[in-house]
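This report refers to the structure that appears directly beneath it.
Numbers restart at 1 for each chain; the letters A, B, ... are given by sequence-line order, proteins then strands.
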Protein chains: 2
Amino acid sequence: MKVSIEKLRTDLAEKGLKVTPQRMNILDAIYTLGNHPTAENIIAYIHKDHPNIATGTVYKVLDTLVENNLIKKVKTDRDIMRYDGVIEKHHHLYCSECDLIEDYVDEELDAILKNYFENKKFPGFTMEDIVLQIRGTFDKC
Amino acid sequence: MKVSIEKLRTDLAEKGLKVTPQRMNILDAIYTLGNHPTAENIIAYIHKDHPNIATGTVYKVLDTLVENNLIKKVKTDRDIMRYDGVIEKHHHLYCSECDLIEDYVDEELDAILKNYFENKKFPGFTMEDIVLQIRGTFDKC
DNA sequence: TCTTTAATGAGAATTATTCTTATATAATAA
DNA sequence: TTATTATATAAGAATAATTCTCATTAAAGA
């Protein structure tokens, strides 16, 4: 997933965020790394070219990006946070053998779920969205 | 969810685990607390009556219980681990406003999903199970 | 009861993340 | 372009959840 510098710039600006080199680099790292990197992954990647970006800044920027819906946190059952640069609706394949998480896009499935939950209401709960966590094993693992 | 002492004992024994007071208390705490407690919740609950159970032991026992499928880890986008004493198939309602996670059982939905994915195969991935993470807001929040 | 193997307690160590504060910089106005 | 202001960042200390170490204890089976 390669995104132009200009796209990064406008994405930030559209959210009313100051366009800083740190934010550009962190966004770029998330897109380039793909596969739901950890903060540590992102820091390591960025430090190759920009060893002076503080780790505290990376965490702060990640929070800011999440708050502004430019990236998402990925739910896991580990105590290490992971991030997702893919904003469009998708589900996740979690590997039981390793830490790999792959995206899964399925519009037919989304339509079925939308239809199913249109009738079915949750008492006392207003639904915002549904993400499937599909656990299994990749052949390569 | 109240479970008898005898049930706790046989659950552990069936898995070939030594039946220790610590394990019994921790399992009981998870069932009694309900709603996907954190390790901290469990430790606080247990320490009321058993202040001498070490926190390291609680973490170790939780790992053991997860490995033996007596409890499950719950996926969240926080860096604090949460645990689930409900083993039967169910989904989760996550509150956007607070940390509440509620169980959602829906056999009709499970049947629809099972049917859908019987045809649909994932290339290079063998599915084990599917859990829906349904995000939204509880009225009370 | 005795033996063996595994579990626990205590607390140190680790690690991801957050916090603090002085400095630097982006955006905006002049 | 320069000055102003608000915000972001660097550096590193602080925190908090979790893991680790190892001596001691206790459960299960003989």
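With rounding to whole Å, B:Asn25 atom CG is found 10 Å from C:dG9 atom P. B:Glu40 has its CD atom 15 Å from the P atom of D:dT19, to the nearest Å. The CG-P distance, from A:Leu62 to C:dA16, rounds to 14 Å in whole Å. For B:Met81 and C:dT15, the CE to P distance is 17 Å, given to the nearest whole Å. If you take CE of B:Met24 and P of D:dA27, they are 11 Å apart, rounded to a whole angstrom. Between the P atom of C:dA16 and the CG atom of B:Asp77 lies a distance of 19 Å, rounded to the nearest Å. Rounded to whole Å, the distance from CG on B:Leu12 to P on D:dA26 is 18 Å. The nearest whole Å value for the distance from the CG atom in B:Asn41 to the C1' atom in D:dT18 is 15 Å.
One finds no side-chain N or O of B:Gln22 lying less than 4.0 angstrom from the OP1 or OP2 phosphate oxygen of D:dA26. Neither OP1 nor OP2 of D:dT19 sits under 4.0 Å from any side-chain N or O of B:Tyr59.
Mapping A:Val58 and B:Gly56 onto DNA chain D by nearest heavy atom places A:Val58 closer to the 5' end of the strand. Heavy-atom distances to DNA chain C give each of A:Thr55 and B:Pro21 a nearest nucleotide, and the one nearer the 5′ end belongs to B:Pro21. Mapped onto DNA chain D by nearest heavy atom, B:Leu17 and B:Ala39 fall at different nucleotides, with B:Ala39 at the one closer to the 5' end.
In terms of heavy-atom proximity, A:Ile130 sits nearest to B:Ile134 at CG1-CG1, 4.1 Å.
Applying the 3.5 Å distance criterion, the base of C:dT18 shares no donor-acceptor pair with the side chain of A:Lys60.
Without hydrogens or angle criteria, A:Asp28 side chain to A:Asn25 main chain gives no donor-acceptor distance under 3.5 Å. Looking only at distances, a side-chain donor or acceptor of A:Arg23 sits under 3.5 Å from a matching main-chain atom of A:Lys18.
The listed nucleotides are C:dT8, C:dG9, D:dT9; the one nearest the side chain of B:Ile53 is C:dG9. Across D:dA6, C:dT18, D:dA11, the shortest atom-to-atom separation from the side chain of A:Lys18 is found for D:dA6. Checking D:dT9, C:dA6, D:dA17 against every side-chain atom of A:Thr20, the shortest atom distance belongs to D:dT9. In the set D:dA8, C:dA16, D:dT18, the nucleotide with an atom closest to the side chain of A:Asp79 is D:dT18.
Evaluated for a salt bridge (charged side-chain N to carboxylate O under 4.0 Å, His left out) with B:Asp77, the options A:Arg78, A:Arg82, A:Lys75 yield exactly one hit, A:Lys75.
As judged by a 4.0 angstrom heavy-atom cut-off over every strand, B:Thr57 is placed among the base-contacting residues. As judged by a 4.0 angstrom heavy-atom cut-off over every strand, B:Pro51 is placed among residues making no nucleic acid contact.
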Open item on the list: salt bridge (Lys or Arg N to Asp or Glu O under 4.0 Å), that's the test. Do A:Lys7 and A:Asp11 meet it? Break it down for me.
Closed with: CA-CA 6 Å; A:Lys7 177 77 165 61; A:Asp11 281 352; 3.0 Å; yes

